[in-house]
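It should be emphasised that the depicted structure is a prediction, and the values quoted were computed from it without experimental measurement. Both counts, for ligands and for their atoms, begin at 1 and track the order of listing.
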Amino acid sequence: MTSLTAELSAIAGAAFAAEGLPEELGLVTVADRPDLAQFQCNGALSAAKIAKANPRAIAAKIAARLRQNAILSKVEIAGPGFINLNVADAALDARIAFLCDNETIPGTNTGQGRTVVIDFGGANVAKPMHVGHLRSSVIGDSLQRLFRANGWHVVSDVHLGDWGLQMGQLISEIGHRGIAPIYFDANYTGPYPKESPVTMDDLEEIYPAASAACKADPARLEEARKATAELQAGRPGYRALWQHFFDVSRVGLEREWGSLGIHFDLWKGEASVEPLIGPMIEKLKKSGLAVESEGALVVQVAEPTDKKEVPPLILVKSDGAVLYGTTDLATIIDRVKSQNPDLILYVVDQRQHGHFEQVFRAAKKAHLNGKAELEHAGFGTMNGPDGKPFKTRAGGVMKLYDLIAMMTAEAEARLIEAGLASEYPAEERAEIARKVGIGALKFADLSNHRQSDYIFDLKRFTRFEGKTGPYLQYAAVRIQSILRKAQGEGLEPGCPAVLSPEERTLALHILALPDALEAAEARRAPNVLCDYAFTLAQAFSRFYSEHHILSEANAQLKAARLGLCLLTLRFLTRVLGILGIEIPERM
Ligand code: ARG
């Protein structure tokens with residue numbers, strides 16, 4: 001689907017070219033002043049500089065050419081040489097009719113033939129997922145849906161944190177507790193039990209205890225370091241224990257992400273690239289990129305143009321353990337080998353920007369990234385009312401599971417307050433509340449630009465009025481209910497016709513979807529789609545309040561308006577779908 005702005009840009013571009021001017025000057029955008037026109041083209045102003053001529057005179061020549069085209073119902077010159085444009089209703093009708101005839105809503109195809117690996121989620125094995133991972137999950141999932149909609153081949157990878165010190169801390173704590181001595185017996189080489197000696201709940205208790213012990217006692221920390229290095233060096237009992245940690249964590253994590261409707265193509269982690277690390281280090285040493293520094297092996301990544309100091313990337317510490325940056329570097333090798341992507345996008349907390357800068361520089365210096373562009377799409381923090389990262393009332397880190405329960409409970413209260421879903425069976429109401437609660441949470445997160453911090457505000461997020469997830473879900477549910485009633489009366493939606501200002505605005509917005517998809521992709525910014533969905537719902541609401549639909553006496557008009565309802569619903573559903581937001585059947 002090409003957007004109207006793209007179509008008009010091509011037409012205006014041809015007009016500029018016919019005047020011997022650069023075609024790019026024909027760029028047409030949605031008008032800044034919707035009260036004056038639907039679209040505008042400012043190319044005559046730049047053309048005037050190139051041709052050293054009067055901009056209004058150039059605009060007049062371009063306008064004369066544009067007036068030949070039946071797609072335009074108005075071509076006007078304003079101010080110093082802006083060209084204001086309106087599209088003829090018949091042209092809108094034709095494009096809308098095309099959409100009505102097609103079941104699927106075409107995307108933009110910006111990603112045709114291209115592959116992107118999206119690295120998001122990033123939870124850590126054995127540690128409960130917290131709201132810090134929530135933004136990565138929600139934004140990353142929306143980006144994977146968006147890139148797919150735009151024709152990219154997308155491979156999402158959860159990249160679990162499973163190879164760091166926390167693994168050694170767990171192992172040594174379990175050793176101290178004597179829970180599973182067989183894994184610590186250096187003379188025993190296996191096979192090890194299939195059943196994990198610890199459950200996810202056990203890990204949730206053991207990990208904080210282990211980390212506290214290491215904080216309190218330097219000897220315990222040393223032990224944990226040693227266990228980490230031994231695990232990484234391949235000690236069989238430790239590897240077997242590690243596999244249990246990974247497996248039980250995966251079950252728990254899959255359940256949690258699943259309840260948010262979030263899925264990953266790959267369940268890899270830092271540890272999965274372990275076999276690549278040795279050869280990578282050898283290669284880096286040979287090429288002289290990896291050098292000794294204070295007992296550690298590092299890659300210097302500073303550049304003369306740096307304004308701030310960029311420290312070297314540490315590959316191997318003096319105790320032999322590898323670090324976060326080492327596994328990230330090896331992961332690039334793995335991804336290039338298995339996916340040969342055009343882009344690797346890391347949806348990770350903005351505070352890790354420095355880390356990614358180091359990793360990307362090292363990867364490029366060593367030519368590890370193939371044809372892939374490496375990009376960190378960072379995000380800000382979800383804060384509590386005190387402006388600090390969101391915590392539970394007791395001051396602990398809020399777990400994702402508790403957060404979902406809290407959102408669902410609040411959504412149910414709001415539904416009851418609004419008199420919605422009250423006569424439905426309790427089970428259905430609970431399901432609606434779950435969708436609304438999660439929709440509220442996701443929309444609130446996505447509607448801010450990813451780089452801004454925002455304040456968690458349960459009451460505001462779950463409101464049915466204003467720019468919220470529940471408002472949009474309700475708007476869609478209302479259209480569904482109109483269409484259901486129509487169906488009950490044996491009515492079929494027909495092809496819409498643009499006859500009124502409200503219908504025109506709605507049609508123009510529907511046709512602008514490709515622009516929104518493209519802008520959202522270019523900026524890695526789902527908030528562009530939140531704006532699109534909100535404006536669409538508002539345009540529908542104005543159309544709905546100004547027109548009779550089911551009560552319209554003229555059968556042809558009624559069918560046309562039902563057709564516009566159906567098309568709006570399809571577009572709203574599609575965009576909410578890209579945001580990862582589900583629409584309840586009814587409310
Ligand atoms: N596990 C990391 C964390 O919790 C996030 C991983 C992000 N992805 C990456 N390739 N480094 O902070």
Interatomic spacing from NZ in K226 to CZ in R235 - rounded to 0.5 Å: 7.5 Å

Under 3.5 Å: N/O of N124 near N/O of ligand 1: yes

Shortest protein contact, atom 6 (C) of ligand 1 (heavy atom only): Y324 OH, 3.3 Å

Any N/O pair G122/ligand 1 closer than 3.5 Å: yes

E205/R177 ion pair, N-O < 4.0 Å: yes

F356 near ligand 1 by a heavy-atom separation under 4.0 Å: yes

Short N-O contact, D306 and R361, less than 4.0 angstrom: yes

Short N-O contact, E582 and R434, less than 4.0 angstrom: yes

Atoms in ligand 1 flagged as close to Y346, the criterion being non-hydrogen separation under 4.0 Å: 10 (N)

Between D202 and T199, a side-chain donor and acceptor under 3.5 Å: yes

Nearest neighbour in protein (non-hydrogen) for atom 8 (N) of ligand 1: D119 OD1, 3.0 Å

Ring centroid separation W242 to Y238 under 6.0 Å: no

Protein contact to atom 12 (O) of ligand 1 [nearest heavy atom, distance to 0.1 Å]: Q352 NE2, 2.9 Å

Contacting atoms of ligand 1, where contact means under 4.0 angstrom from a heavy atom of H159: 8 (N), 9 (C), 10 (N)

Aromatic ring proximity, centroids under 6.0 angstrom, H376 and F360: no

Heteroatom distance test (D328, ligand 1): nitrogen or oxygen, under 3.5 angstrom: yes

